[in-house]
Amino acid sequence: MADQDLEEGVSPDASNPLAERALQRALKAVDACNKFKAPRLAQIAKYRNLYAGKVAKKFRQPFNVVLPIFSGGMDTLASDFNDDLSVDISETEPADYLAVRKIDALWNQETGSVAPNAKFPYKTRTDRFNALFSGRGFMMNYGVSDPKYKNVFEVFELEDAIFQPQGGGQWALHLISGRDNVIKSSDDLKNGPYDQNQVKKLLVKAKKTDYFPENADDSQKLALAKYRAMNLSPEAADYVGETLFKMAEVRLTMNGKRYYLLFSPWYQEWVSFKPFSEVFSADIDAWVSWATHEDNKNFLSKSYADDMYGIADAVHTLFNQELGNREKRNFNPRAYDREMFPDVAKLDAAQYRPDALVPFDSKGGTRKVSDGLFSFETPELRGTVDLINWMNETTGRSIGVTDLSQGGVQNVSKKATVVFAEQQNISKRLLLRSSPYTEAMGEIAKIFVQSAKDHLPAKMAIKRLGIEGENWEPVIRRVDLDLYGDIDIKITSSSVEMRNNQLKKQARKEALDSISLDPNQASQINPRWIVEEKLRSIAEFDDAEIAIAMDTKNYGNKEEVAYAHKGIQAILNGERADQFYGATTLFMQIILDYAVNNRVSLGDRKYNALIDYQMAHASIVQENMDRKAVNDAVQADALNPAPTESAPAPTQDTASPLSQVRKVASSMA
């Protein structure tokens, strides 16, 4: 062991030789990764500059006007990729139905949050936009439980990614993976779950500074390309008021076992070294990467910016050459004969002064004015505009940035079939390139569920999502995550799903209509199911909305529903629940359903309190139902006149108000 430690630069008296060996290996791996990606980052910096309109002036080119060809194309691609994704978490085991509904509610609550640790829409937009330049997006999701549960979703860029240069296109299979530039303050390190002996060594080695960690090496300087593209100087404005450290966290394999290592590459000290499963119990990476142009061998595959940069740079050159040519033609250089024009100042002033007089020596009339002046003509450039237009159209068709996708009016010479074909080609191309992002979001959802299992408190309140959650307790417990089966995560694009559903809707509608029109088929099918299926599959109503629509007796009683849940919440919080004097059987049924469905988690005291509160409304409900029956009868008589003696009125099989109250009460027995 000692020989191996000395071979890797580890001191024989190190307190944790394995951690020191891991540190030395990680330092070399990070250095190799930074050198490998440095040329790529330098190229991306050029893309950032061109997008920001910052282009170096070319030799002997008086103009340096940047047309928004590159930035406009990138913005169009960003808008095409800006497609909302729907994450549907469902159960594979029926017994997990209620628990998975709560997990799904927790996910929707988190993704809809605007807290800094969440903000999924903003962060995913920036990740997709960064991927247009580098060809790769990077996301990370993890949970913390100190001081309380919090899910953290982050995105980072290529300059911060740590990977195996020849590890292939799947990051999870790399021997080392992680991220650099994880900023930690000295207080974070002293109060966090780190090895405090190692933290003390790091703080002693580091010099006292109140400035942002210095960007010393070339790889760190390349990471500032975004700032420099906007003519900003972060090096001159790095005061933050406390000591900060740029850390790196990696997953690496030592002796056949995966470990987590958090260390400072600059000071070469580690502060956390644990088996990877102790940090992420499922032993899966918390960071995920996706590529716009997948390559099974090369992790740093091409990007959309690679396709557009050369064309945009050529257009920039051609356009500025045209401007320079126009200026030369308008201000041609001229030569003159000093003997014929002795006063050159007046000759020059005559170029812009009206009615100017210039001394001229004609040598006794033997010479003309034209004999003493000569103009150097600059030939006109032809075809520049046509060439630029051709380049734009060809590039647009190739990568999907056409006049149609940019929001403009398509060329009037295009037929409708051509326009439709362009739309289809753009959709197919973008679907191909956005599929890796869709799959990556599925991985993030799985990591989210796993981090909730690791860090969720014993009991946590969640939001009910609409009326669907009315009959279950708005609390998720850690035991809810102990499922009998796996969960199924489906990621769908809103635009793609809408397009694919149109054909399904049409097929379902035709099938249901044909069944309804054929008496033989209709007799074999439940008519209520047909109505529900039309509402669900064709009109896309959810189950809760369908239940309201199919309830012909209690529709519209949202106020009564609100009062019922208000009473439930009052009892759950130990408060006094006021009686609701407008209650009907619906009011009693809501409270009964909630008490029965959540009896185990409620406990006997709260369960009995809900039942007592419900039964206290029995007389109120009977009185209100009697009044409602009378009003319904009056309205029915007004709409349907009394039948004649020869045609007796048909009897109606309708339960009396009292029997409805008794039915609800008897269900509690």
Side-chain angles (χ1 to χ4, degrees), residues 82-128 137-145 148-155 280-282 284-288 290 434 436-494 496-497 540 542-544 601:
N82 190 29
D83 193 11
D84 294 332
L85 294 181
S86 173
V87 179
D88 181 29
I89 302 177
S90 58
E91 72 285 348
T92 58
E93 166 60 46
D96 296 328
Y97 173 68
L98 292 177
V100 171
R101 284 172 70 190
K102 293 185 179 183
I103 295 174
D104 191 52
L106 181 64
W107 166 263
N108 287 305
Q109 177 177 313
E110 188 66 31
T111 55
S113 172
V114 295
N117 57 288
K119 302 196 75 171
F120 274 70
Y122 163 73
K123 293 178 182 178
T124 52
R125 280 198 307 271
T126 58
D127 184 58
R128 292 192 297 265
F138 297 89
M139 299 182 285
M140 182 176 183
N141 194 92
Y142 59 95
V144 295
S145 52
K148 62 180 182 179
Y149 169 73
K150 180 174 65 173
N151 184 78
V152 181
F153 176 68
E154 298 177 352
V155 298
F280 306 104
S281 64
I284 56 175
D285 293 348
W287 36 81
V288 175
W290 61 279
S434 62
Y437 166 71
T438 303
E439 295 167 4
M441 283 304 300
E443 295 182 46
I444 289 293
K446 290 182 180 180
I447 297 172
F448 169 83
V449 175
Q450 186 60 44
S451 65
K453 289 182 179 181
D454 294 341
H455 299 280
L456 196 71
K459 182 178 180 180
M460 175 180 168
I462 56 175
K463 295 179 182 178
R464 288 194 186 94
L465 299 180
I467 196 169
E468 182 184 2
E470 287 182 353
N471 291 327
W472 49 271
E473 188 182 14
V475 170
I476 186 169
R477 293 174 170 82
R478 190 178 298 162
V479 294
D480 291 331
L481 300 175
D482 296 331
L483 305 176
Y484 294 98
D486 294 330
I487 59 174
D488 183 32
I489 298 177
K490 181 181 179 183
I491 312 293
T492 56
S493 165
S494 59
V496 174
E497 185 74 7
E540 294 189 345
D542 58 34
D543 291 342
S601 60

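For an aromatic pair to be called close, the ring centres must be under 6.0 Å apart, and Phe448 with Trp107 satisfies this.
In this structure, Ser90 and Ile487 have side chains that are not in contact, with every pair of non-hydrogen atoms separated by 4.5 Å or more. The shortest side-chain heavy-atom distance between Ile447 and Trp287 does not fall under the 4.5 Å cut-off. Between Leu483 and Val100 the shortest side-chain heavy-atom distance falls below 4.5 Å. Looking at heavy atoms from C-beta onward, Asp104 lies out of side-chain contact with Leu106 at the 4.5 angstrom threshold. Looking only at side-chain heavy atoms (C-beta outward), Ile284 and Glu443 stay at 4.5 Å or farther from each other.
Under a 3.5 Å cut-off, the side chain of Lys123 and the backbone N or O of Ala118 do form a donor-acceptor pair.
Here Thr126 contributes atom OG1 and Lys119 contributes atom NZ; the two are 10.0 Å apart, rounded to the nearest 0.5 Å. Atom NE2 of residue His455 and atom CD of residue Gln450 lie 9.5 Å apart, to the nearest 0.5 angstrom. A distance of 7.0 Å separates OH of Tyr437 from CG of Asp127, quoted to the nearest 0.5 Å. For the atom pair CD of Glu91 and CG of Asp486, the computed distance is 12.0 Å after rounding to the nearest 0.5 Å. Note that CD1 of Ile103 and CG of Asn108 are 12.0 Å apart. Values are rounded to the nearest 0.5 Å. Residue Ser451 holds its OG atom at 4.5 Å from CG of Asn151, rounded to the nearest 0.5 Å.
For the ring pair (Phe, Tyr, Trp, His ring centres under 6.0 Å) test, no residue two or more places apart in sequence or in another chain qualifies with Tyr142. For Asp96, there are no side-chain hydrogen bond (donor to acceptor under 3.5 Å, both in side chains) partners, not counting sequence neighbours. Taking the side-chain hydrogen bond (donor to acceptor under 3.5 Å, both in side chains) definition, one finds that Ser113 meets it with nothing, sequence neighbours left out.
Between Phe120 and Phe153, the two ring planes are parallel [angle under 30°; tilted spans 30° to 60°].
Heavy-atom contacts from other residues, nucleotides or ligands closer than 6.0 Å to NZ of Lys453 number more than 12. Dense packing is recorded around CG of Asn117, with more than 12 heavy atoms of other residues, nucleotides or ligands lying under 6.0 Å away.
Between Trp290 and Pro436 the shortest heavy-atom distance is CB-O, 3.6 Å. Considering every non-hydrogen atom in both Gly485 and Thr92, the closest pair reads C-OG1, 3.9 Å.
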